[in-house]
A.B. asks: 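If you scroll down you'll find the structure; I have some questions about it.
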Amino acid sequence: NCHQISGVQVQEARTDSRVAYTYVGLFGYTTGVLQDVVYQMPDTLAVTSAGSSVTRYVGGLVGYNGGTITNCAAYNVQLKAEGYQYSTLYLGGLVGRNAGAIRRSAAEGAAITANTSLSNAFAGGLVGINENVGSVDQCYAVGKVSANRGRYGEVYACGFAGRSEG
């Protein structure tokens, strides 16, 4: 019983410039259970996020996960984020930042790019960062991950997890 979603365009919501956090993904922020969800991103669309002094959680399926993701996938993931002046970017083919559990899930065909200047970036094919309370089990990612740092800041980029603390 898989629930496939395709043809849905995901964009960053343009909010008040004083907002310190943005959550971008088919599901921006989750604390519950996502199970058997497959998201096929449109071929011609890249999710783009840019700005300064903000923390961005950007994922092909979920921006920030504090719940449980089981047997889910994101395909044809195209993510690009830019951070300037004290921003932090979390980009992942499936999940931007994981503080929950991800099981038997995947991200395929990913092209993930983070560009920073005076900012930090965590970019990964499956998850941007897996926190110390997070877990990832029986998952995989296929695609290209790149990160560029203009000046200062920490940049982590890897094909699976930009950084894993768990």
A.B. asks: Quick check: do Leu89 and Thr116 have side-chain heavy atoms less than 4.5 Å from each other?
C.D. replies: yes
A.B. asks: Linking I/L/V/M/F/W/Y whenever any side-chain heavy atoms sit under 4.5 Å apart, do Val127 and Phe160 land together?
C.D. replies: yes
A.B. asks: Just so I know, are the side chains of Ile5 and Val37 near enough to count as touching, which here means a heavy-atom distance under 4.5 Å?
C.D. replies: yes
A.B. asks: Less than 4.5 Å apart, side chain to side chain, heavy atoms only: is that true for Lys80 and Asn115?
C.D. replies: yes
A.B. asks: How about Tyr21 and Val54: do any of their side-chain heavy atoms sit closer than 4.5 Å?
C.D. replies: no
A.B. asks: In chain order, what residues pass the side-chain hydrogen bond (donor to acceptor under 3.5 Å, both in side chains) check against Tyr140, with sequence neighbours excluded?
C.D. replies: Glu108
A.B. asks: Answer whether the closest heavy-atom distance between the side chains of Val136 and Ser164 falls below 4.5 Å.
C.D. replies: no
A.B. asks: Is the closest side-chain heavy-atom distance between Ile129 and Asn98 below 4.5 Å?
C.D. replies: no
A.B. asks: Decide whether Leu34 and Tyr75 are clustered together by the hydrophobic rule: side chain heavy atoms of Ile, Leu, Val, Met, Phe, Trp, Tyr closer than 4.5 Å, transitively.
C.D. replies: no
A.B. asks: Is a side-chain donor or acceptor of Asn120 paired with a backbone partner of Glu154 at a separation under 3.5 angstrom?
C.D. replies: yes
A.B. asks: Would a single hydrophobic cluster contain both Tyr90 and Tyr29, if residues Ile, Leu, Val, Met, Phe, Trp and Tyr are joined by side-chain heavy-atom contacts under 4.5 Å?
C.D. replies: yes
A.B. asks: For a 4.5 angstrom cut-off between non-hydrogen side-chain atoms, does Val62 reach Leu94?
C.D. replies: no
A.B. asks: What heavy-atom pair brings Met41 and Asn76 nearest, and what distance separates the two atoms?
C.D. replies: O-ND2, 3.2 Å
A.B. asks: When the ring planes of Tyr64 and Tyr57 are compared, do they come out parallel, tilted or perpendicular, using 30° and 60° as the limits?
C.D. replies: perpendicular
A.B. asks: Are the side chains of Ile69 and Arg103 in contact, using a 4.5 Å heavy-atom criterion?
C.D. replies: no
A.B. asks: Report yes or no: does Ser119 contribute a side-chain atom to a donor-acceptor pair with the main-chain N or O of Ser87 at less than 3.5 Å?
C.D. replies: yes
A.B. asks: Where is the tightest heavy-atom contact between Gln40 and Gln4, given as atom of each residue plus distance?
C.D. replies: CB-NE2, 4.5 Å
A.B. asks: Leu118, Leu91: one ILVMFWY side-chain cluster at the under-4.5 Å cut-off?
C.D. replies: no
A.B. asks: Looking at every heavy atom in both Ala107 and Gly93, which two are closest together, and how far apart are they?
C.D. replies: CB-C, 3.7 Å
A.B. asks: Closest heavy-atom contact between Gly159 and Ala141?
C.D. replies: O-CB, 3.6 Å
A.B. asks: Could you label the plane-to-plane angle of the Phe122 and Tyr156 rings as parallel, tilted or perpendicular, counting under 30° as parallel and over 60° as perpendicular?
C.D. replies: parallel
A.B. asks: Cys139 and Arg104: which non-hydrogen atoms are nearest, and at how many Å?
C.D. replies: SG-N, 3.8 Å
